[in-house]
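Structure, as structure tokens:
Values reported hereafter were calculated over all heavy atoms of this structure, with side chains retained and with hydrogens, waters and symmetry mates removed. To find a chain, count down the sequence lines: A is the first, B the second, and so on, and within it residues start at 1.
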Number of protein chains: 4
Amino acid sequence: MRKIDPVKHEQKRRDILEAAGRCFAKDGFRGASISSICSEAKISAGHLYHYFASKEAIIEAMAATGLEHAEARFNHLMKSDNPIEGLIAEIEQANTQSCSAQQHQIDMRAKKQLHVDMLAEAGRNPAMAEIVNQHSTKIRGMLATLLETAQKRGQIDQTLDPDLAAAILLSAMEGVGNMTMRDPELDMKKKLDMLSTLIKRFLTPGSGK
Amino acid sequence: MRKIDPVKHEQKRRDILEAAGRCFAKDGFRGASISSICSEAKISAGHLYHYFASKEAIIEAMAATGLEHAEARFNHLMKSDNPIEGLIAEIEQANTQSCSAQQHQIDMRAKKQLHVDMLAEAGRNPAMAEIVNQHSTKIRGMLATLLETAQKRGQIDQTLDPDLAAAILLSAMEGVGNMTMRDPELDMKKKLDMLSTLIKRFLTPGSGK
Amino acid sequence: MRKIDPVKHEQKRRDILEAAGRCFAKDGFRGASISSICSEAKISAGHLYHYFASKEAIIEAMAATGLEHAEARFNHLMKSDNPIEGLIAEIEQANTQSCSAQQHQIDMRAKKQLHVDMLAEAGRNPAMAEIVNQHSTKIRGMLATLLETAQKRGQIDQTLDPDLAAAILLSAMEGVGNMTMRDPELDMKKKLDMLSTLIKRFLTPGSGK
Amino acid sequence: MRKIDPVKHEQKRRDILEAAGRCFAKDGFRGASISSICSEAKISAGHLYHYFASKEAIIEAMAATGLEHAEARFNHLMKSDNPIEGLIAEIEQANTQSCSAQQHQIDMRAKKQLHVDMLAEAGRNPAMAEIVNQHSTKIRGMLATLLETAQKRGQIDQTLDPDLAAAILLSAMEGVGNMTMRDPELDMKKKLDMLSTLIKRFLTPGSGK
DNA sequence: CATGAATGAGCATTCATTCAT
DNA sequence: GATGAATGAATGCTCATTCAT
């Protein structure tokens, strides 16, 4: 007679988070209103608070799960034996819409937008800063490990500090990702080729003098 | 009957813009209120509307003048004969606080914050998108010209497309600049050294295979 | 098909009423929420409505049973042959914490708070006004009867109208009880001694001129 | 051209305070809404916040000014040479509506209601508790001084501690004042006569044994 | 020029209550 | 009996903007 169904509850949470993601991408964390999120999620204003304690909590949950997904994907792509190839695969994955053109492009754009919003938010919201920093540290660690392994194999320059090199590479990749916002007129394919070149030259052994 | 003094008027506009910059850096474009800007600028709420038609207008004007300053500084630093040296100078200028430590660091952080905010805003505000894009295009043009000249002189790799290379370089620099937000624990000096290495390897002739 | 157990039902009602009492004392009738009462009573929000039709109904039931308890205690203490002694006993009972200091003091304070809240509520809620008035009339009747008996015995001034004197005495006692709220710094023991003096002088025969 | 008119501002504050008083008396501090106060004061919801920082601030200001008025009136009535006469005058002033029957009675009732509400609020709002306590302490001091003087003149019993006696008298008066809420059916005139008797017997010299 | 009074829509959040299970 | 999901109106408060002076 009395049951708590944690599965349904969790599913609803995810639904709301997705709706919130669409609203945040369109209007920003501050610009999106609770009522717009509720409309998008097709629930009443009051009911949202059975799932999240506050707007802040929604933002944090969304940032956290979003970054976890990114992390998982990155982790998967780093399985390659060659870090250069892995990075390039990751870049292409993150910046191109391969199949279901229209819909995917929207998701892509929304993800980039959320990413930049999180960075901006991190600058003034300590909770967000910590989420972003933890995620960044994790990803950096993964890449650093990969670089170290590759160094031992002689695939990449052995004089580079793996951690610092990872930091710089990820920053550069992020910067190039943001170009969609800054310079939407540039051809994505050409940018990615040039980025590949940059990465190869940076990492290739013997190029360090 | 006497006309307004256009010089004074322009000065007041600049004062307000500076005050707005401080508020926006602290609270974001949406988070900062007109009344807080007026307090900071020491004018009354109503009076602000003699200088700007709306909050939107303030945001746009601030973005525009802010980017013009950045542009001017970049232009000045690109005067060097060697683009690699120029870029590194620019990076250091943009990421370190040389003299009046405390105050400067605050300004630095505020500028970075505003920069990211503008990027985020550009994603949803077409007016902001155009401002950011125009500025980006200008800076990219400058750097591309410089790279082209250097290619002719044989200082850098001649196989690189100057425009694309400039785009990638600027993106990477921006990404590294944003690291302060993502990973505040990393040592700035080391990051800049690594970035220099990246740029050198990317541009140095003969490294292309 | 089996009927509800009226004993259990009544017990649950009492449990809820007690929980409600704690919440109301802490946050007031308006300030306490149904959900906080349900938490305190360890039942679900919806289930409460099997026992009470509305928040209003809870408030009224709580006021009624609370006053019935007060009434019973008063009735018991008025059993004494001498009304002066009885009143003083009642005052001490109502204003001091004899044994389990800490806990009792909390209960004391909560009761006083509820008492004042009821009075305030009575001013704008006719249902509450009637409850308070009925209770007050009953208690006043008891005391009046007692005074009348004592007058016949010559224990107290015979010129006093018993009903009016009872009203005034009860009011004064209530006022002194409320002093805990108004002037918490005053010593309770001394106040009670002074109140005893007041009562004695008021009632003692021959003091009327 | 530019003027701040503090007189007008202060007048508006008072207007709002009066409107708030009416709303609070009708619905209680918690029950009255900002929007109802604004309707009553004929201003917009937002504009109220130019005059008061919060609802809390309105409540406190209203309590403070209300008690100041009461204090002033009390002070004036205590000018009499005989404290017994003064107190009785005060009681009558506070509990009867002499002239403009209808309107005054409403004010009277509203004042009593607010008084009880303040006491209830003081039990859980420290700010209100302090306001009530400060006022109470002041009034008590006045009365104690008066009693002391009268003791020296031999007008009242010299064995009573003036401060405690003042506390008890004020409490009793308050309790009787609250009777309007508890027992509205009782005749006010008779109650006041009986209260006079109580006071006289309490204070008259020689009645202490 | 410059002020600050004034507006009214909008915000995040809370709450008493209902209902399907 | 008993649960917790669901509602939607209401609350205190903020804000960009306008306007009389």
Side-chain angles (χ1 to χ4, degrees), chain A residues 1-6 8-9 12 30-38 41-58, chain B residues 2-5 8-9 12 30-38 42-59, chain C residues 2-5 8-9 12 30-38 42-58, chain D residues 1-6 8-9 12 30-38 41-59:
Chain A
M1 297 298 180
R2 50 215 133 118
K3 271 178 289 184
I4 335 161
D5 189 342
K8 255 183 147 180
H9 191 268
K12 197 88 191 174
R30 314 296 235 248
S33 74
I34 289 286
S35 95
S36 74
I37 293 171
C38 290
K42 286 175 184 111
I43 58 168
S44 72
H47 195 33
L48 180 137
Y49 288 84
H50 281 262
Y51 297 96
F52 296 94
S54 65
K55 190 183 179 184
E56 202 73 358
I58 301 175
Chain B
R2 55 230 131 101
K3 281 284 168 68
I4 61 170
D5 181 342
K8 263 180 135 180
H9 192 268
K12 198 85 193 170
R30 311 297 233 253
S33 72
I34 289 285
S35 95
S36 74
I37 293 171
C38 290
K42 283 168 188 126
I43 58 168
S44 72
H47 195 36
L48 180 138
Y49 286 83
H50 280 259
Y51 297 96
F52 295 95
S54 66
K55 190 183 179 183
E56 203 72 0
I58 300 174
I59 293 174
Chain C
R2 58 228 129 98
K3 281 286 167 64
I4 61 168
D5 180 341
K8 264 180 131 179
H9 191 267
K12 198 86 191 170
R30 311 299 233 251
S33 73
I34 289 284
S35 96
S36 74
I37 293 171
C38 291
K42 284 171 185 121
I43 58 168
S44 72
H47 195 35
L48 180 138
Y49 286 83
H50 280 258
Y51 297 96
F52 295 95
S54 66
K55 192 184 179 184
E56 202 71 1
I58 301 174
Chain D
M1 296 296 181
R2 49 213 134 120
K3 271 178 288 181
I4 334 161
D5 189 341
K8 256 183 149 180
H9 192 269
K12 197 90 192 172
R30 315 295 236 251
S33 73
I34 288 286
S35 93
S36 74
I37 294 171
C38 291
K42 286 176 183 113
I43 58 169
S44 72
H47 194 34
L48 180 139
Y49 288 84
H50 280 262
Y51 297 96
F52 295 94
S54 65
K55 190 184 178 182
E56 203 72 359
I58 301 175
I59 293 174

Need one value for A/L48: base, sugar-phosphate or nothing, where a base atom within 4.0 Å counts as base even if backbone is also close, heavy atoms only.
nothing
Check the distance between E/dA12's P and A/I58's CD1 and give it to me in whole angstrom.
9 Å
Residue that, paired with B/L48, satisfies side-chain contact (heavy atoms from CB on, under 4.5 Å) out of B/C38, B/S54, B/S35:
B/C38
Would you name the heavy atoms of D/S36 and D/A32 that are closest together and state the gap between them?
OG-C, 4.2 Å
Expressed as a whole number of angstroms, how long is the span from C/I43:CD1 to F/dG1:C1'?
11 Å
With sequence neighbours excluded, tell me which residues meet ring-ring contact (aromatic ring centres under 6.0 Å, His included) with C/H50.
C/H47
Please work out if D/F52 contacts a base, only the sugar-phosphate, or nothing of the nucleic acid, heavy-atom cut-off 4.0 Å.
nothing
In short, C/R30 meets C/K55 closest at the heavy-atom pair O-NZ, 3.5 Å
Round to the nearest Å and state the distance from C/I37 atom CD1 to E/dC15 atom P.
11 Å
Reading nucleotides 8-15 of chain F 5' to 3', which nucleotides get B (base under 4.0 Å from a protein heavy atom), which S (sugar-phosphate only), which -?
B--SSBBB
For DNA chain E, the dot-bracket pattern of Watson-Crick and G-U pairs whose distances stay under 3.5 Å, | for other-strand partners:
.||||||||||||||||||||
Measure OH/C/Y51 against C1'/E/dT17 and give the value in whole Å, please.
18 Å
Rounded to whole Å, how long is the line connecting atom NE2 of C/H9 with atom C1' of F/dA2?
12 Å
